[in-house]
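As structure tokens, the structure follows; a few thoughts come after it.
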Protein chains: 2
Amino acid sequence: MMTSRTWPTAEPLDGVFLALSDPTRRAVIGRLGQGGASVSELAQPFEMSLPAFMKHVRVLESCGVVRTEKRGRVRVCVLEGQAISQAESWLAQQRAAWQAQADRLVTYVEDEQEGVEGDRRRQ
Amino acid sequence: MMTSRTWPTAEPLDGVFLALSDPTRRAVIGRLGQGGASVSELAQPFEMSLPAFMKHVRVLESCGVVRTEKRGRVRVCVLEGQAISQAESWLAQQRAAWQAQADRLVTYVEDEQEGVEGDRRRQ
DNA sequence: TCTATTGTTTACCTCAAGGTGAAGTGTTGT
DNA sequence: ACAACACTTCACCTTGAGGTAAACAATAGA
């Protein structure tokens, strides 16, 4: 229940990745990649009540993936590239570290293999 | 309550991003970037019961981010690069689309601005 | 063989996520 | 003025995520 934790809860990436974990919200992001849109415009493809859909918008907004602004009675939503970029570069870093380590492993195994082959030749 | 949905629930990315939304699990991924480790080795830095930690491992495993294997009494965990790569490229795609559209917008505004300046010159 | 180590299972708790319907608020267009 | 529109708020429900404690394997090492 997170009574005591080594790191402060709710780091920025928590929210971004949580937001990305829902297909509705990923679809919204995809749509907003083509340009801004109103809430009802965004909601149109989904079989879901408006209040439910608004929650998704709020989730996207509160983690900084989407910025919204009220113009008259319509709320306009636009993508905010920075949050997505941060998530992307975290992933890139992890993959790079993993790849580097995997390469070292392969090199090590190849060296071992050479050793074995050497032994075989020596037989 | 997801009684009816346009897309099938539980797409692969759902699980991966959900897994990434927890700081404990991100830390585990970071650790596994340096190479494989046993569960208790991984759990050591965390103030958390072992069963609780095992759940995190299972989450990482069931979405394909981590592969585990039982050797004797110890369960060895290793990173599986593919799942992370897929998440990464989804994000890269979204950012690219957003950037392309943002660039088009800037171009459009610049053209408008030139028009205005032209009008100003004509005054 | 006995004991410590390393998980694993079980039962349980709490809270937040994602959804609903119904009623309310503020704008816009006629 | 007033009807239609585009949210917004409210009260509520169900499920799953993340955590606990305690008891139960199964393997490794002395």
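Remember, it's a predicted structure, so these values are computed and weren't measured experimentally. Worth knowing before you read on, the calculation uses all heavy atoms, side chains too, and leaves out hydrogens, waters and symmetry mates. Lettering follows sequence order; numbering is per chain, from 1.
A heavy-atom distance below 4.0 Å to DNA chain C is reached by none of the residues of residues 59-68 of chain B.
The CZ-C1' distance, from B:Arg75 to D:dT27, rounds to 14 Å in whole Å. One atom, CZ of A:Phe17, and another, P of C:dA17, lie 17 Å apart when rounded to the nearest Å. With rounding to whole Å, B:Phe46 atom CZ is found 14 Å from D:dG18 atom C1'. Atom pair A:Asp14:CG and D:dG18:P shows a separation of 10 Å (rounding to whole Å applied). Following rounding to the nearest Å, A:Phe53 (CZ) and D:dT8 (P) show an atom-to-atom distance of 12 Å. Taking atom CG of residue A:Leu42 and atom C1' of nucleotide D:dA6, one finds them 13 Å apart after rounding to whole Å. Rounded to whole Å, atom C1' of C:dA16 lies 13 Å from atom CG of B:Leu18. In this structure, B:Arg26 places its CZ atom 12 Å from P of D:dG18, rounding to the nearest Å.
Atom CD of A:Gln82 is surrounded by 12 or fewer heavy atoms from other residues, nucleotides or ligands within 6.0 Å.
Under a hydrophobic clustering in which Ile, Leu, Val, Met, Phe, Trp and Tyr are joined whenever their side-chain heavy atoms come within less than 4.5 Å, directly or via other members, A:Val65 and A:Val78 fall into different clusters. Note on B:Val39 and B:Ile29: same hydrophobic cluster, where clusters join Ile, Leu, Val, Met, Phe, Trp and Tyr whose side-chain heavy atoms are under 4.5 Å apart, directly or indirectly.
A:Asp22 places none of its side-chain heavy atoms less than 4.5 Å from the side chain of B:Asp14. You'll find the side chain of B:Gln34 stays beyond 4.5 Å of the side chain of A:Gln101, heavy atoms only. Between A:Gln94 and B:Leu32 the shortest side-chain heavy-atom distance does not fall below 4.5 Å. When side chains are defined from C-beta on, A:Leu20 does not count as touching B:Leu20, because their heavy atoms never get closer than 4.5 Å.
For the pair B:Arg25 and A:Ser40, nearest-nucleotide mapping onto DNA chain D gives the more 5' position to A:Ser40. Toward the 5' end of DNA chain C, the nearer of the two residues A:Gly72 and A:Leu50, judged by each one's closest nucleotide, is A:Leu50.
Within the structure, every side-chain polar atom (N or O) of A:His56 is placed at least 4.0 Å from both OP1 and OP2 of C:dA17. Contact check, B:Arg58 against C:dT8: a side-chain N or O comes under 4.0 Å of OP1 or OP2. Between A:Lys70 and C:dG26 there is no side-chain N or O to OP1 or OP2 distance below 4.0 Å. Between B:Arg73 and C:dA4, a side-chain N or O to OP1/OP2 separation shorter than 4.0 Å is absent. Side-chain N/O atoms of B:Thr24 include none lying less than 4.0 angstrom from OP1 or OP2 on D:dG18.
Closest to the B:Met54 side chain, of the nucleotides D:dT8, C:dT8, D:dC5, is C:dT8. Set against C:dT8, D:dG19, D:dC7, the side chain of B:Met48 has D:dG19 as its closest nucleotide. Residue A:Pro51 places its side chain closer to D:dT9 than to any other of D:dT9, C:dT8, D:dC7. With C:dG19, C:dT27, C:dG21 as the choices, the nucleotide that has an atom nearest any side-chain atom of A:Lys55 turns out to be C:dG19.
Among the heavy atoms of the strands lying under 4.0 Å from B:Ser49 is at least one base atom, whether or not backbone atoms are also near. Counting any heavy atom pair closer than 4.0 Å across all strands shown, B:Arg71 reaches no nucleic acid atom.
Ring pair A:Phe17/A:Trp90 is perpendicular by interplanar angle, where above 60° counts as perpendicular and below 30° as parallel.
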